[in-house]
Enquirer: 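First the structure, then my questions, so here it is.
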Amino acid sequence: MAASAEIIDGDHAVELIVCNSSSSSSSSSSSPDSFADNGNPTGSPSDEITPLLKPKINIFSVSHSRRKPREQVAKLPETETPPFIQLILWVWSGSRYSGILCMALSSSIYFVMEILSHSFSTRSIPLFETAFMRCTIVLILSYIWLRRSGQPIFGAVHARKLLFLRALTGFLSLLSFIYCIQRLPFSQAIILNFTTPIVASILARLMLHEKLKIADIGGLTCSFFGVLFIYRQILRTQGMWFGAGEANNTSASGSHHVYAVLAGLLSLITGGISYCFIKAGAKASDQPVVTVFSFGLLSSPAAGICAFAFEEFVVPDFCSFLLMLILGVLAFIVEVLLARGLQLEKISKATNVQYIEAALSQLWGIDSSRISSSFAGLVGCLLIIISVCCTVYIGPDKEIE
């Protein structure tokens, strides 16, 4: 069926023809080889409409696909993490060398604290008062860390006994070391303090059943001999242990000297036990900062009581207070990195890296002309560097095998 209409306007005539769909389809099927006026094959209406829509869809789809990558590329630099933050996250992440790197950073920051203490001359503050200030800052910062991260403040229930023992042994080590450093010459107190890694490795074998390999024993021995070479000249002038020379302090002679040495031995033993409890508590609670918080929670009030009971309280001036504040923040970072390093690495390897601080201190003293350059000191630094390098490059390979 078809309908037609004719419109005549002057010299022009327009004819409109409306065809039925069935007829058009039949006509198209009856003459498949028919051509339109332009020479192209004619098909069904759907075939005529489809080519008209495809270019539009292709154009818009291509335009959208090109815009999205450009927007993403433009936004990437804004959300990219700074390289320094990436380095910190990589060190903290728990990779193969994270434990050793955490201990190396801890010792390096402790060396920076030593430089700051020697470089800025401020009012002399008693040791217990200094310890109280640092422990309080450590307590506050560790509490803020745990609250912001959503971790339980007192750790898991099954780990609280370990955390309490860590805090107790840590404070006993700090208390006895302060007494030791007040009664003994500085070099002797430092030698006793650097014996702590050896004691901690032996106690880790007994308490935590860690394997103590020959390479670990050799590394610790090499590093300890390096410390002896570094402080050899000072030990000669001040006298070794019970040697009473003219340069010895009168307060470090006789029975006072014996008590000071015993206090030093107590410090290194309790320090070694504390390292074992730090590792056990950090693993049990799965959060090394909890061990730092438990130490500050006990040590801060105890150090404050000792400061008022045994020493005269000194009000620090602005420069002294600022320096104590900076050193307290750095001490918190040292404690966190120490706990993380002990959590991830064997104690024998982790504590061996701590000897870096002695080598850095010697090299800085020679460079700043505070210490006269000596062959024994350079040999000691070389022994420590070789030992630490063996721990980093040889130790992990042997452990994996």
Side-chain angles (χ1 to χ4, degrees), residues 81 85-107 109-110 135 137-171 173 196-197 200-201 203-212 216 270-300 329-354 391 395-396 399-400:
T81 307
I85 303 298
Q86 290 180 357
L87 178 61
I88 294 177
L89 294 176
W90 177 72
V91 170
W92 186 267
S93 62
S95 62
R96 182 181 178 186
Y97 292 99
S98 291
I100 294 177
L101 290 175
C102 286
M103 296 300 294
L105 285 176
S106 174
S107 300
I109 295 175
Y110 196 83
C135 292
I137 295 175
V138 166
L139 175 64
I140 295 173
L141 293 180
S142 57
Y143 175 79
I144 294 174
W145 181 306
L146 294 174
R147 291 291 293 177
R148 290 180 63 89
S149 62
Q151 299 290 333
I153 300 299
F154 299 101
V157 178
H158 63 277
R160 289 179 182 176
K161 183 179 179 181
L162 294 172
L163 296 175
F164 172 75
L165 292 174
R166 179 271 183 269
L168 181 61
T169 53
F171 176 71
S173 178
T196 303
S201 302
L203 292 174
R205 178 69 180 90
L206 300 175
M207 298 174 60
L208 304 178
H209 304 288
E210 286 190 353
K211 293 182 179 180
L212 193 60
D216 301 329
T270 53
I273 298 174
S274 177
Y275 279 13
C276 296
F277 283 131
I278 289 173
K279 184 179 184 67
K283 282 194 169 184
S285 60
D286 198 23
Q287 177 57 260
V289 185
V290 176
T291 63
V292 181
F293 176 77
S294 63
F295 171 73
L297 189 63
L298 177 64
S299 300
S300 178
V329 175
L330 293 177
F332 167 74
I333 300 175
V334 167
E335 291 291 334
V336 172
L337 291 173
L338 174 67
R340 181 61 172 170
L342 293 175
Q343 181 190 14
L344 297 176
E345 191 58 69
K346 286 174 57 177
I347 290 182
S348 58
K349 294 178 184 177
T351 53
N352 188 31
V353 183
Q354 286 186 309
T391 299
E399 184 181 6
I400 290 176

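Computed from a predicted structure; not experimentally measured.
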Enquirer: Give a yes or no on this: more than 12 heavy atoms of other residues, nucleotides or ligands lie within 6.0 Å of atom CZ of F171.
Expert: yes
Enquirer: Which value, rounded to the nearest 0.5 Å, describes the distance between T196 atom OG1 and I273 atom CD1?
Expert: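 The distance works out to 11.0 Å.
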Enquirer: Walk me through it: do F154 and L297 pass the test side-chain contact (heavy atoms from CB on, under 4.5 Å)?
Expert: CA-CA 10 Å; F154 299 101; L297 189 63; 3.8 Å; yes
Enquirer: Mark yes or no for whether S107, through its side chain, and M103, through its backbone, hold a donor-acceptor pair below 3.5 Å.
Expert: yes
Enquirer: Locate the shortest heavy-atom distance separating T351 from S201; write the atom from each residue and the value.
Expert: OG1-OG, 3.7 Å
Enquirer: A side-chain contact here means heavy atoms from C-beta on lying under 4.5 Å apart; do Q287 and F293 qualify?
Expert: no
Enquirer: First locate atom CD of E345, then atom CG of L101, and finally report the distance between them rounded to the nearest 0.5 Å.
Expert: 10.0 Å
Enquirer: Taking all non-hydrogen atoms of both residues, which atom of V334 and which atom of Y110 are closest, and how far apart?
Expert: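 For V334 versus Y110, the nearest heavy atoms are CG2-N, 4.0 Å.
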Enquirer: Would I278 and Q343 count as a side-chain contact (heavy atoms from CB on, under 4.5 Å) if you check the C-alpha gap in whole Å, the side-chain angles of each, and the deciding distance to 0.1 Å?
Expert: CA-CA 8 Å; I278 289 173; Q343 181 190 14; over 6 Å; no
Enquirer: Shortest non-hydrogen contact from A350 to G341?
Expert: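 Here A350 and G341 meet closest at CB-O, 4.3 Å.
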Enquirer: Determine, stepwise, if the pair K279 / L208 fulfils side-chain contact (heavy atoms from CB on, under 4.5 Å).
Expert: CA-CA 9 Å; K279 184 179 184 67; L208 304 178; 3.7 Å; yes
Enquirer: Would you check if V138 and V292 make a side-chain contact, meaning some heavy-atom pair closer than 4.5 Å?
Expert: yes
Enquirer: For L344 and S98, work out which heavy atoms get closest and say how close.
Expert: CD1-CB, 3.6 Å
Enquirer: Counting distance only, does the side-chain N/O of E210 pair as donor-acceptor with the main-chain N or O of I347 below 3.5 Å?
Expert: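 Here the side-chain-to-backbone pair exists.
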Enquirer: Specify the closest pair of heavy atoms between T291 and L163, including all atoms of both residues, with the distance to one decimal.
Expert: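 What the structure gives for the nearest pair is CG2-CD2, 3.6 Å.
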Enquirer: Rounded to the nearest 0.5 Å, what separation is found between the NZ atom of K349 and the CG atom of L342?
Expert: 14.0 Å
Enquirer: For side-chain contact (heavy atoms from CB on, under 4.5 Å), just list the numbers for L338 and Q354, CA-CA rounded to whole Å, side-chain angles, deciding distance to a tenth of an Å, and then say yes or no.
Expert: CA-CA 10 Å; L338 174 67; Q354 286 186 309; 3.6 Å; yes
Enquirer: Could you tell me the separation between the OG1 atom of T391 and the CD1 atom of I100, rounded to the nearest 0.5 Å?
Expert: 6.5 Å
Enquirer: CG/L203 to CZ/F277 distance, rounded to the nearest 0.5 angstrom?
Expert: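 Going from the CG atom of L203 to the CZ atom of F277 covers 10.0 Å.
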Enquirer: If I compare all heavy atoms of D216 with all of K346, which pair ends up nearest, and what's the gap?
Expert: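 Shortest heavy-atom separation between D216 and K346 comes out as OD2-NZ, 3.0 Å.
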Enquirer: Please confirm whether the backbone N or O of G296 pairs with a side-chain atom of S299, one donor and one acceptor, at under 3.5 Å?
Expert: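 No: the side chain of S299 does not pair with the backbone of G296.
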Enquirer: Going from CZ on R205 to NZ on K211, what distance comes out if it is rounded to the nearest 0.5 angstrom?
Expert: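 Taking CZ in R205 and NZ in K211, the distance rounds to 9.0 Å.
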Enquirer: Would you call V336 and W92 a side-chain contact if the rule is heavy atoms closer than 4.5 Å?
Expert: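 They are in contact (side-chain heavy atoms under 4.5 Å apart), so the answer is yes.
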